[in-house]
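All figures in this text were calculated on a predicted structure; none of them were measured in a lab. Just so you know, these numbers use all the heavy atoms, side chains as well, and skip hydrogens, waters and symmetry mates. To find a chain, count down the sequence lines: A is the first, B the second, and so on, and within it residues start at 1.
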There are 2 protein chains.
Amino acid sequence: MLSLHQLTCFLATYEHGSLTAAAEELGYAQPSVSEQIRALEKSLGVQLFRRVGRGVVPTTVADTLRPHAERTLAAAEDTRRAAQQVARFETGTIRFGMFGIARLYAGAGLVADVLARHPGVRVELVGQNSAGVQEDLRRGRLEAAMIAIPQVHSEGMSVTPVAKDEIVYISSDPERLRSPVTARQLGNATLVMPDTTWRAEDSVRIAVRSWLHSSGLNPQTRIEVEDPEIAVELVGMGLADSVIPRGAAEQLLPRLAPNAGWVSFRPKIHDVFAIVHRAGATLSPAAQLMIEIATRRIQAVAQPV
Amino acid sequence: MLSLHQLTCFLATYEHGSLTAAAEELGYAQPSVSEQIRALEKSLGVQLFRRVGRGVVPTTVADTLRPHAERTLAAAEDTRRAAQQVARFETGTIRFGMFGIARLYAGAGLVADVLARHPGVRVELVGQNSAGVQEDLRRGRLEAAMIAIPQVHSEGMSVTPVAKDEIVYISSDPERLRSPVTARQLGNATLVMPDTTWRAEDSVRIAVRSWLHSSGLNPQTRIEVEDPEIAVELVGMGLADSVIPRGAAEQLLPRLAPNAGWVSFRPKIHDVFAIVHRAGATLSPAAQLMIEIATRRIQAVAQPV
DNA sequence: GGACAACATAGGTATCTCCTAGGGAAGCCG
DNA sequence: CGGCTTCCCTAGGAGATACCTATGTTGTCC
């Protein structure tokens, strides 16, 4: 069986023209190198050195094989170097899951932070929907993710809340922003809600629904859209009001609905963001890095817990 | 310590997405592959697979490393293939020593024969002078050679005569070719002799000198040249006679001195060609090939012994 | 001819590699 | 929901390997 060690011994011997010198360079005893060369010759079925009295002389076969051996060792060294570079975040890919409103107002900053600290890496911020992220985590395709809590099927998952964001009512009618919104008021409101496709798993909707249920009321959603941006624009046009996390409101309102504002619920409702990964897993340095940066980013726009 | 075996296990596992499947493909038990992967991860300092419940999932590090591992294994396979091609004479270099008049009239044919049988090989037919050939043999730089015998310092050398060639007298004076030349006649002749530089070791000269010494005479050499061709041309011009092996005479006279001819000595003198290599050495297939072809070639122009 | 230098050989030990056997977790299915 | 299967891990042991030191052999140099 051909081995890198044999090739190393071969090259050292070839270059020094001596087993003893090669052994000295490699830090072995002379018989060890001798044995490796013999094993290599047997493995390849060719004679590499003529044992001539005192000393060894490379055969023409050795001349022919030398560049191949060098290329092989160089490729191995290259493999090792690539691994080290990845370990140091000088290159490689960092994959992280992030779903929902969190990605909307922390995603770009998160990617920017990672690229600023590690310019050589590729970043993959995945997560089309909550179920997909959870499936990826469960199957091991994702190591860690940040998601809003209510939707977590947490068997075997480690869930660490890192921030909570108040859920607020937004409207372009100043009248409705005068005082905190009650369940009754919300029940009577005309609403536009985003994330239609994932409405059943959307943490904001789940939080609001359970909040309303305790008052015996049902939410009334008049308009369903996918993008939070569109929902906010519709609020700006006065066609409906909406319910979104406060961080999103503060980011989107000035840009998309300057005449609108937000107001708390009474009692207040919160959305909680958490880091999720498989329970019992040892997190890789890359995952730890992403968790650290994502946490810092989300805590810049939501309250730390 | 990184090893090719570890890389093989890594690639098999990566491609199958399973340690068990990889082990089956490689013909090992599953724990063996598992151990190799673990050793590779430790050696590189990175995690290559996430152990997730049943099954393993490659990390992004594994994605990054895979092409490097493939290149390394390909280079190793390339090394092995090169060795096999050399062993089958499909490529590589064949080096052989040949000195003196033998090369002159068997060298080109020898090279042609080798190239005809093994079109891919490089051929080196070395031997500027007898002493150099012997030194190369002794030092191991040459594995085997064909040389004329008298000059062999045979300690530690295996000498196998394969052909003998009569040494003849050449002249453009028909009078001198009438009957075999005696020692007295040779002592009175005006001679041109080739191989000036190596005159002390030239087998023809040694043979002739000892032949003359038994008659108490000394050779008279009027002209010294390097090339046998020039000596023969001078003979053709009638400026001197010469003494060369019959094989050389038959090849050179028609071309360079059509009006000249040759005649034996009385008693006859012979030059013996032998295969020489280090005693006790096991000959490589390449050397055996060259010996076989060179012997056949030389026996085509000289008498086999 | 004696001293030295370089490789081969021998023998012992530690490590590595591979196996079999058995345990535990996750997924599949009745 | 409980049993079965699948897949990986761990443990322990046998055989091979790699390395060492000590010694023998041979060629070289003085």
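- Listed by residue number, the members of residues 24-47 of chain B with any heavy atom below 4.0 angstrom from DNA chain C are B/G27, B/Y28, B/A29, B/P31, B/S32, B/E35, B/Q36.
- With sequence neighbours left out, the salt bridge (Lys or Arg N to Asp or Glu O under 4.0 Å) criterion links B/R38 to no other residue.
- Comparing B/G55 and A/S3 against DNA chain D, the residue whose closest nucleotide sits nearer the 5' end is B/G55.
- Judged as a salt bridge (Lys or Arg N to Asp or Glu O under 4.0 Å), and not counting sequence neighbours, the contacts of B/E41 are B/R51.
- Separating the CZ atom of A/R51 from the C1' atom of C/dA8 is a distance of 10 Å, rounded to the nearest angstrom.
- Near-neighbour residues of DNA chain C inside residues 8-22 of chain B, defined by a heavy atom below 4.0 Å, are absent.
- In this structure the side chain of A/S203 never reaches within 4.5 angstrom of the side chain of A/F273, judged on heavy atoms.
- Between the side chains of B/H16 and B/E25, at least one donor-acceptor pair of N or O atoms lies under 3.5 Å.
- In this structure, A/S34 contributes its side chain and A/Q30 its backbone to no donor-acceptor pair below 3.5 Å.
- Taking 4.5 Å as the limit, some side-chain heavy atom of B/Q36 sits within range of a side-chain heavy atom of B/H5.
- Judged purely by atom type and a 3.5 angstrom limit, A/T60 uses its side chain to pair as donor or acceptor with the backbone of B/T93.
- Taking atom CE on B/M1 and atom C1' on D/dC19, their separation rounds to 14 Å, with Å as the unit.
- With hydrogens and angles disregarded, no donor-acceptor distance shorter than 3.5 Å links the side chain of B/S158 to the backbone of B/H277.
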Output a table of nitrogen or oxygen pairs between the protein and nucleotides 24-28 of chain D separated by less than 3.5 Å.
{"from": "D/dG27", "atom 1": "N2", "to": "A/R54", "atom 2": "NH1", "distance (Å)": "3.0"}
{"from": "D/dT28", "atom 1": "OP1", "to": "B/R138", "atom 2": "NH1", "distance (Å)": "3.3"}

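- OP1 or OP2 of D/dC19 sits under 4.0 Å from a side-chain N or O of A/H5.
- Contact of the B/V57 side chain with the B/F49 side chain is not registered, since no non-hydrogen atoms from C-beta on lie closer than 4.5 Å.
- Among residues at least two apart or in separate chains, salt bridge (Lys or Arg N to Asp or Glu O under 4.0 Å) pairs with a member in residues 285-295 of chain B are B/R117-B/E292, B/E292-B/R296.
- In summary, B/R50 and A/E143 engage in a salt bridge, as defined by a charged side-chain N under 4.0 Å from a carboxylate O.
- A straight line from CD of B/Q6 to C1' of C/dC16 spans 11 Å, rounded to a whole angstrom.
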